Structures are given as structure tokens and as C-alpha cells.
Student: 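Handing you this structure, nothing more for now.
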Protein chains: 2
Amino acid sequence: MLDRQHLTILRSVARYGSVTAAAGAMNLSQSAISHAIAKLEDRHRVKLWRRKGRRLEMTQAGQYLLELAERIVPELEHAETVLADMAKGRRGSLRIGMECHPCEQWLMHVVGPFLQAWPAVDLQMKTAFRFDGIAALQAHEIDMLVTPDPMALPDVTFTPVFDYELVIVLPADHPLVGRDRIQPDDLRDQTLYTVPVTPNRLDIFTRFLTPAGRRPAAHVGIESVDLMLQLVAAGRGVTVLPDWLVALQADRLPIVTRPIGGGLQKAINLGTRIEDHDIDYVAGFRLIAGQEFKRP
Amino acid sequence: MLDRQHLTILRSVARYGSVTAAAGAMNLSQSAISHAIAKLEDRHRVKLWRRKGRRLEMTQAGQYLLELAERIVPELEHAETVLADMAKGRRGSLRIGMECHPCEQWLMHVVGPFLQAWPAVDLQMKTAFRFDGIAALQAHEIDMLVTPDPMALPDVTFTPVFDYELVIVLPADHPLVGRDRIQPDDLRDQTLYTVPVTPNRLDIFTRFLTPAGRRPAAHVGIESVDLMLQLVAAGRGVTVLPDWLVALQADRLPIVTRPIGGGLQKAINLGTRIEDHDIDYVAGFRLIAGQEFKRP
DNA sequence: ATCAAACCATGAAGGAAATGCATAATGCTG
DNA sequence: CAGCATTATGCATTTCCTTCATGGTTTGAT
């Protein structure tokens with residue numbers, strides 16, 4: 001079996017010109033190399049070099065294998081450094097999954113510094129999973145989940161990295177603008193725009209309307225945040241968004257925000273598998289996510 | 001040490017989906033693979049796969065090594081078949097050296113069939129050596145020597161592949177044309193054209209003139225056979241060439257040939273190192289050289 | 001020529017490492 | 001929860017590698 005050792009020996013012998021010198025450089029005995037190559041030569045019935053007085057001369061077969069060795073051995077050596085990097089958490093791939101549409105916007109502020117700090121990490125993002133985000137994380141479909149809705153699980157931890165508040169977004173001339181804060185009953189005859197998911201996955205329902213036994217006059221799913229705001233600005237209805245996200249657009253549109261009840265506090269959480277906690281760049285991402293992001 | 005075995009295992013496991021199946025395919029025990037990979041994982045502190053219920057799933061490091069394996073292992077396997085070809089004498093390089101200028105012409109008739117019969121052999125030709133052809137052969141500068149002058153040597157054999165006769169070439173209107181055969185004394189007042197080497201390497205001297213104590217009126221070295229024949233045809237002198245070589249030009253020039261004394265028989269010989277005699281394509285060249293060439 | 005030095009080949013012996021065997025542990029599946 | 005399939009692990013064994021010791025070959029100097 002043509003083995004890595006054989007190629008390494010060949011390279012060393014070619015470099016140092018003699019078996020003895022090559023053996024010294026490899027911390028082996030001259031005999032070891034002699035035996036190893038003799039066995040290879042026997043196995044394949046091919047001579048690799050011939051004694052040419054005091055120095056050795058590669059045969060055709062020897063030169064062929066030497067070229068192979070010069071190609072392959074460095075590749076293997078490089079692979080070992082890559083493994084070392086992976087082991088130390090300096091290198092790898094980080095596949096980030098997002099469940100909430102606004103999370104995507106937030107994430108864009110974090111990836112820049114991260115990519116600079118961890119140049120050997122291959123960063124990828126996914127927004128569509130076969131099932132939900134947590135399942136994707138557990139199935140190793142992604143390595144990190146960005147979500148505002150953490151869960152208690154044995155093999156996954158969530159750490160909050162960014163606090164924000166969900167607020168009602170109203171047209172500037174809306175009657176409700178007069179109120180300091182919005183109550184569930186206020187939405188009774190409003191059209192509510194949200195991202196297109198079922199109400200049981202929307203905080204405005206689960207934490208505000210449903211506990212109070214109320215529902216909006218209409219509930220319409222909209223894909224794009226921009227479109228939602230346009231619709232609100234046009235007086236077609238109201239919506240619920242993170243405060244900082246609205247703030248980014250507030251000066252360009254005639255819209256106003258009001259707190260939801262006593263205030264609907266949320267936090268963006270980063271979910272990671274516990275088994276990955278000793279990977280440096282995973283911890284690194286959490287660190288940067290918590291430090292670097294500044295509210296716009 | 002990341003070894004070929006590890007890569008082979010990785011490939012097999014990826015292909016068969018389980019360690020047990022991979023072990024079967026490799027004629028190893030499941031335990032052997034388990035041990036081998038466990039050791040590699042310990043050495044580099046990297047997991048290569050994780051149990052995913054009934055099947056295994058490669059980690060990032062595992063996938064990285066798997067890609068490496070898919071590239072490198074086939075290369076090594078190919079190298080082994082190349083070695084086998086070399087061992088069986090089906091593949092290799094054949095560097096042919098020539099000492100006599102006419103040999104080059106002869107050789108051209110042989111290489112075509114040889115290249116067809118031995119497609120994996122890399123054929124090269126050399127006409128200039130650091131010393132003489134035999135030394136080049138012994139120093140592995142060439143693998144075969146084409147020469148009309150064999151020598152008895154312990155490590156080299158010569159086999160004749162083509163018999164020919166050296167003849168005097170005369171202008172058609174030369175006085176000596178009247179003779180059946182030429183005697184040494186006949187050249188006393190002739191200009192003799194030969195290839196530009198010293199007389200002791202020319203048969204016309206060593207085997208004809210010198211033993212008889214004669215020499216031509218003038219001895220002029222000419223590089224090109226064509227030019228030699230032109231000079232003879234023009235009546236400027238005479239020359240000595242293989243009969244078959246003259247026959248190629250005889251119908252286009254006013255020249256005539258006559259035997260030298262009792263006939264100067266020669267043979268083109270192929271010299272090869274004894275150590276190379278079990279290389280098939282070397283024997284193959286000799287065979288084709290003897291069979292294929294037909295006198296023009 | 002002779003001799004010393006450098007170098008490689010080879011056989012025997014010892015030891016480390018890979019492999020196999022038996023068994024425990026794990027995780028699906030019905 | 002039982003049963004099946006598969007992997008992990010401890011221990012015994014064998015294989016293979018390495019070293020040691022030695023002899024042979026080439027080179028270069030005396």
C-alpha cells in the first residue's frame with residue numbers, strides 16, 4: 001500500500017541526496033528508510049532509486065512518485081493545520097438561521113465586524129428550514145439560530161444579545177395617536193398587518209390580544225417590512241414592529257409609534273448547541289453581537 | 001499523522017453510511033475502524049462524524065477531510081496502477097541515443113510502429129552526449145544506444161537488428177566504375193568525404209585503408225549526407241555510405257556504388273543495459289526494429 | 001595499491017501500533 | 001419496553017515498524 005510515509009521518505013531523500021541524511025532529517029534510522037522502501041519496491045516490483053556511487057539517483061518510477069509526493073504531502077500537511085484550526089475554533093463554518101424577518105436587518109449590522117475578526121470562518125445564512133428553526137439547529141442544518149423566542153431545551157442554549165420593544169405603528173393622522181399607550185380593545189376595528197404566519201406565533205396575539213379576548217377587525221399577512229410601513233402611512237391599517245426598526249424609517253414616512261399595553265419587551269436571542277460551546281468563533285459571534293451593535 | 005488509511009476509511013464510511021458496512025467493504029473489523037478514527041480524533045481534538053440515529057453524519061472537519069480524501073485517494077490508487085505498468089514494462093520512458101548519422105534515418109522507420117504498439121511509453125531521442133554513447137548508456141543518460149559499433153561489456157548487451165554493407169559511392173562517370181570492387185590502393189588519389197569524425201572511428205580507415213597502409217589524397221568531413229552525395233555527383237570526390245542509404249537517392253543522382261574490397265559488412269546494433277532486459281517495451285523495441293524495417 | 005571513511009543493504013530482535021474478539025453501551029423501531 | 005442494529009471500549013494478539021549490529025560497496029587520500 002503506497003502510503004504517506006513512503007512519499008515523505010521519497011521527498012526527504014530527494015531533498016537531502018542520501019538515505020542517511022534523509023533519515024536524520026526525519027528522526028528515523030537509516031535502516032528504517034532502507035527497509036521501508038525495500039518493502040515498497042518488493043511489493044510493486046519497481047526500483048525507486050539506484051546507488052550512483054556516493055549519491056542516489058531516482059529511477060523513472062522514483063521520479064514519478066516524487067512528483068506525486070511533492071503534490072500530495074504538502075496537501076496533507078496543510079490539512080493538518082486546517083484540522084488544528086478547526087480544533088481550536090479558529091476555522092469552520094457558521095450557518096446562521098433566522099426566524100424573524102426583522103432579525104435579518106439586525107444581523108446585517110453584526111456580520112461585518114465578525115467577518116473581520118474571524119477571517120477563516122465561512123459564514124452562511126439561511127432563512128428557510130425544513131421545519132422550524134430549533135429543529136434545524138438540533139439537526140445540524142444550521143449552527144446558530146437568531147430568534148426572539150427562546151425555548152428551554154437540554155441541548156441548546158439561548159443568550160439574549162439585543163433588547164428592544166414591540167410597538168404599534170400608526171399613520172400620523174390616526175385617531176389612536178391621541179393615546180399614550182394602546183389597549184387591546186383599541187384594535188377592535190383596525191386592520192392589522194403582520195408577517196404572514198399564524199397568530200399563535202405572533203406576540204401581538206399571544207401576549208396582548210388573545211389574553212384579553214380581543215382580535216383586530218382584519219389580519220393581513222405582508223412579506224415586506226417596507227410595504228407594511230407604506231400601507232400604514234397610507235392609512236390602510238396598523239402594524240406591530242420592533243421600535244428600532246421603525247426608527248430607521250420614521251423620518252421618511254408619516255407614521256407614529258405607541259407602546260403596546262404596558263410595553264411589549266423582547267430580546268433577540270442567539271441559540272447554539274451546547275456541544276458547540278467550546279468553539280471559539282461561536283462564542284466570538286455572541287460577543288460581537290452583544291458589543292458591536294448600537295441602536296441606530 | 002493523517003494517513004492514507006484514515007482517508008480511505010472516511011471515504012468508505014461516507015459511501016456505505018455506517019462504520020460496520022465500511023469495515024466489511026474494507027475487509028476490516030468494525031472495531032479497527034472505530035479505533036483508528038478515535039485515535040485520529042484524539043490526536044487532532046476534532047470529531048469527524050456524529051451518530052445520527054442509525055446513520056452517521058459528517059461534521060465540518062469530517063466533510064473537509066472527506067473532500068480531501070476524494071481527491072487524494074484516487075490519485076494514490078492511480079499511482080499504483082502506474083507503478084504496476086512500469087513494473088510490467090508497459091509504461092516508462094525510452095531515451096534512445098544515436099552515434100552514427102545514418103542511424104537517425106534508419107530509426108525514423110522504426111519509431112512509428114513502436115509508438116503505436118506501446119502507447120504509454122514516452123520516447124525521446126538524443127544525438128549529443130557528454131562523452132560517448134556507451135558511457136551515456138552506462139550513466140543512464142540514455143536507455144538505448146543505436147550504433148554500428150558494438151563492444152563487449154559486462155553490463156551492456158548489443159543485438160544486431162539490421163544488416164547492411166558499406167559501399168563506395170562514385171560519380172557515374174568515374175574511372176573506378178569500371179572495377180567490380182574497390183581496393184585500398186584505388187583511393188590513393190581520391191578525395192574522400194566522410195562524416196566529420198577522426199579516422200580511427202571510420203570503418204573505411206580502420207577496416208580497409210589503414211590495415212593496407214593506404215590513405216586517400218584528401219579526407220574532408222561533411223555534416224550532411226545529402227551534401228556528400230551532391231559533391232560526389234558533381235565529380236568532386238568519393239564517399240562511403242550504407243548501401244540502403246544510397247539506394248534511397250540513387251535514382252535521382254548520377255552516382256554508382258561499388259563494394260569495398262571483399263565487402264564491408266556492418267550491422268546496426270541496439271545496446272541496452274542488462275538490468276533493463278526485463279522491461280517489456282525495451283524488448284518490444286528490439287523486436288519491432290528487427291521485424292518492421294524493410295529495406296527501401 | 002591500500003586504507004579509511006561514508007554510505008547503503010540486510011538479518012535478527014524488540015517494541016509499538018494496528019487489528020480482532022468479546023462485550024457493554026446507545027439509540028432507533030415497532 | 002423489548003428487540004434490533006450499530007457503535008464504543010477493554011483486552012489479547014498479531015502484524016508491522018524500528019533499531020541494533022554487521023557486512024558490502026564506493027570514494028578519495030596516502
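Naming: A, B, ... by sequence-line order, numbering from 1 per chain. These numbers were taken from a predicted model, which means no experiment stands behind them.
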Student: Report yes or no: does B:Q60 contribute a side-chain atom to a donor-acceptor pair with the main-chain N or O of A:G92 at less than 3.5 Å?
Tutor: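 Such a contact is absent between B:Q60 side chain and A:G92 backbone.
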Student: Any chance you could measure B:H277, atom NE2, to B:T159, atom OG1, to the nearest 0.5 Å?
Tutor: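 Interatomic distance, B:H277 NE2 to B:T159 OG1, rounded to 0.5 Å: 7.5 Å.
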Student: Would you tell me if any nitrogen or oxygen in the side chain of B:T20 comes within less than 4.0 Å of OP1 or OP2 on D:dT7?
Tutor: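 So the side-chain polar atoms of B:T20 do come within 4.0 Å of the phosphate oxygens OP1 or OP2 of D:dT7, strictly under.
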Student: Could you write out each protein N or O paired with an N or O of nucleotides 16-23 of chain C at a distance under 3.5 Å?
Tutor:
unit_1: C:dA18; atom_1: OP2; unit_2: B:K39; atom_2: NZ; d: 2.9
unit_1: C:dT19; atom_1: OP1; unit_2: B:Q5; atom_2: NE2; d: 3.2
unit_1: C:dG20; atom_1: OP2; unit_2: B:S29; atom_2: N; d: 2.6
unit_1: C:dG20; atom_1: OP2; unit_2: B:S29; atom_2: OG; d: 2.9
unit_1: C:dG20; atom_1: N7; unit_2: B:S31; atom_2: OG; d: 3.3
unit_1: C:dG20; atom_1: O6; unit_2: B:H35; atom_2: NE2; d: 3.2
unit_1: C:dC21; atom_1: N4; unit_2: B:S31; atom_2: OG; d: 2.6

Student: What's the CZ-P distance between A:R50 and C:dA9, to the nearest Å?
Tutor: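 Those two atoms, CZ and P, are 13 Å apart.
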Student: Would you kindly give the CG-to-P distance between B:D3 and D:dC17, to the nearest whole Å?
Tutor: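 Checked: the CG to P distance equals 10 Å.
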Student: Say you draw a straight line from NE2 of A:H6 to CG of A:L10; how long is it, rounded to the nearest 0.5 Å?
Tutor: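 Going from the NE2 atom of A:H6 to the CG atom of A:L10 covers 10.0 Å.
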Student: Should the pair B:W106 and B:F162 be assigned to parallel (<30°), tilted (30 to 60°) or perpendicular (>60°) ring geometry?
Tutor: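 Ring orientation of B:W106 relative to B:F162: parallel.
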Student: For B:Q138, which residues count as a side chain to side chain contact (heavy atoms under 4.5 Å, CB included) partner, sequence neighbours excluded?
Tutor: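 For B:Q138, the residues satisfying side chain to side chain contact (heavy atoms under 4.5 Å, CB included) (neighbours in sequence not counted) are B:I134, B:L153, B:D155, B:V156.
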Student: In whole angstrom, give the distance that lies between atom CG of A:L40 and atom C1' of D:dT18.
Tutor: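 After rounding, the reported distance stands at 17 Å.
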Student: Rounding to a whole Å, what distance do you find between A:E57:CD and C:dC8:C1'?
Tutor: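 Atom CD in A:E57 sits about 16 Å away from atom C1' in C:dC8.
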Student: Figure out the CH2/C1' separation between B:W49 and D:dT6, and round it to whole Å.
Tutor: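 Taking CH2 of B:W49 and C1' of D:dT6, I get 13 Å after rounding.
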Student: According to side chain to side chain contact (heavy atoms under 4.5 Å, CB included), who are the partners of B:S31, at least two apart in sequence or on a separate chain?
Tutor: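 B:S31: side chain to side chain contact (heavy atoms under 4.5 Å, CB included) contacts with B:S29, B:H35.
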